[in-house]
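See below for the structure under consideration.
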Amino acid sequence: MLTPENLYEKASETARFLLDKTGGKVPEYGIVLGSGLGSLTEDIDIESEIPYAEIPNFPVSTVEGHKGTLIFGTLSGKYVMAMSGRFHYYEGYSMYEVTFPQRVMKLMGINKLIVSNASGGVNKTFQIGDVMIIRDHINFFPEHPLRGKNDPRFGPRFVNMSEPYSKKMIAVVEDYAKAHKIFYRKGVYLGLQGPTFETIAEYNMVRVMGADAVGMSTVPEVIVAKHMNMEVFGISVITDVDDPELIQSVNHEEVMKEARKAEPVVRELVRALVARY
Ligand code: HPA
């Protein structure tokens, strides 16, 4: 079991195992392939792929539509490590398990993280299929990933969250999108534990609280990355909107279908970021 007391040793052990596999090569980026970015693997010149089950201390992914493998290879000329499949809190993992891969990334020497997800749009101007650059988040998970004894080898007890998503990375992507006439949104992502989709009243609550989109992942990973002073870029595909008519159809299959449709745009923006930053 992962605890704040053994996390550093466990993550170090896993980092050593993975660096052994790469022959000591340190990836420049860690990428979490959520719904909407799964096929980014097609853009990666894959060098090796390791199932989570073979990685010491790694939890195993269970959710439908998510595979559990770690991919090493070259994307836009840079060596990257991509997680095909993430760990969601609603699956029953502890927060230490959910965010374990980010701990491992940092201990491998990775300082840049890209996270992607599918989310429900609550901003009234948003439409299904929109791609949203995450500019900030609201943590509404019932448990905090940094709760418990702090290990200063990772970072400070009290973490500054004034820039969870790198302004520089956002600028690079926005410049590219504008130059290539790619339509995008920019907004605030609110993370809830799920696994239920929100009621109409809950979507309203999310909007009133100041978010543009809501989902069930990402926020814990980003908090832990910021604890370790990583630079983060986040991108979300709006797969449903809280229109009372449309909302009735929201289900996992719809979410995956809409996310897949937007994948080419997300992939292009991520390739552009990795190439330029
Ligand atoms: N709510 C929460 N998570 C989601 C949604 C949603 O509407 N869409 C995709 N993931």
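Order of listing sets the numbers, starting from 1, for every ligand and every atom in it. Any value given below was found using the heavy atoms of this structure, including those in side chains, with hydrogens, waters and symmetry copies removed. Quantities reported herein were computed from a predicted structural model and do not represent experimental measurements.
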For [atom], find the nearest protein heavy atom and state the residue, atom name and distance (0.1 Å precision).
{"atom": "atom 5 (C) of ligand 1", "value": "Gly120 N, 3.4 Å"}
{"atom": "atom 8 (N) of ligand 1", "value": "Asp240 OD1, 2.7 Å"}
{"atom": "atom 2 (C) of ligand 1", "value": "Glu198 OE1, 3.2 Å"}
{"atom": "atom 9 (C) of ligand 1", "value": "Thr239 OG1, 3.3 Å"}
{"atom": "atom 3 (N) of ligand 1", "value": "Gly215 CA, 3.4 Å"}
{"atom": "atom 10 (N) of ligand 1", "value": "Ala118 O, 3.4 Å"}

Has the side chain of Lys78 got a donor or acceptor atom that lies under 3.5 Å from a matching backbone atom of Tyr277?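 Looks like yes, one N/O pair under 3.5 Å.
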
Any side-chain to backbone donor/acceptor pair from Tyr89 onto Met216? Under 3.5 Å, distance only.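 Answer holds: no.
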
Working to the nearest 0.5 Å, report the span between OH of Tyr189 and NE2 of His137.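 Reported value, rounded in 0.5 Å steps: 10.0 Å.
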
Start with the C-alpha gap between Tyr90 and Gln193, add the side-chain angles, then the distance that decides, and say whether side-chain contact (heavy atoms from CB on, under 4.5 Å) holds. CA-CA 6 Å; Tyr90 64 74; Gln193 80 166 307; 5.5 Å; no

Atoms of ligand 1, numbered as shown, that sit under 4.0 Å from any heavy atom of Tyr203: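 Counting atoms of ligand 1 from 1, those under 4.0 Å from Tyr203 are 1 (N), 6 (C), 7 (O).
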
For Ser84, which of Thr69, Val32, Ile44 qualifies under side-chain contact (heavy atoms from CB on, under 4.5 Å)?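 Only one option passes, and that is Thr69.
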
Begin with the C-alpha distance, continue with both residues' side-chain angles, and end with the deciding distance and a verdict on side chain to side chain donor-acceptor pair (under 3.5 Å) for Ser166 and Glu231. CA-CA 6 Å; Ser166 161; Glu231 238 183 319; 3.1 Å; yes

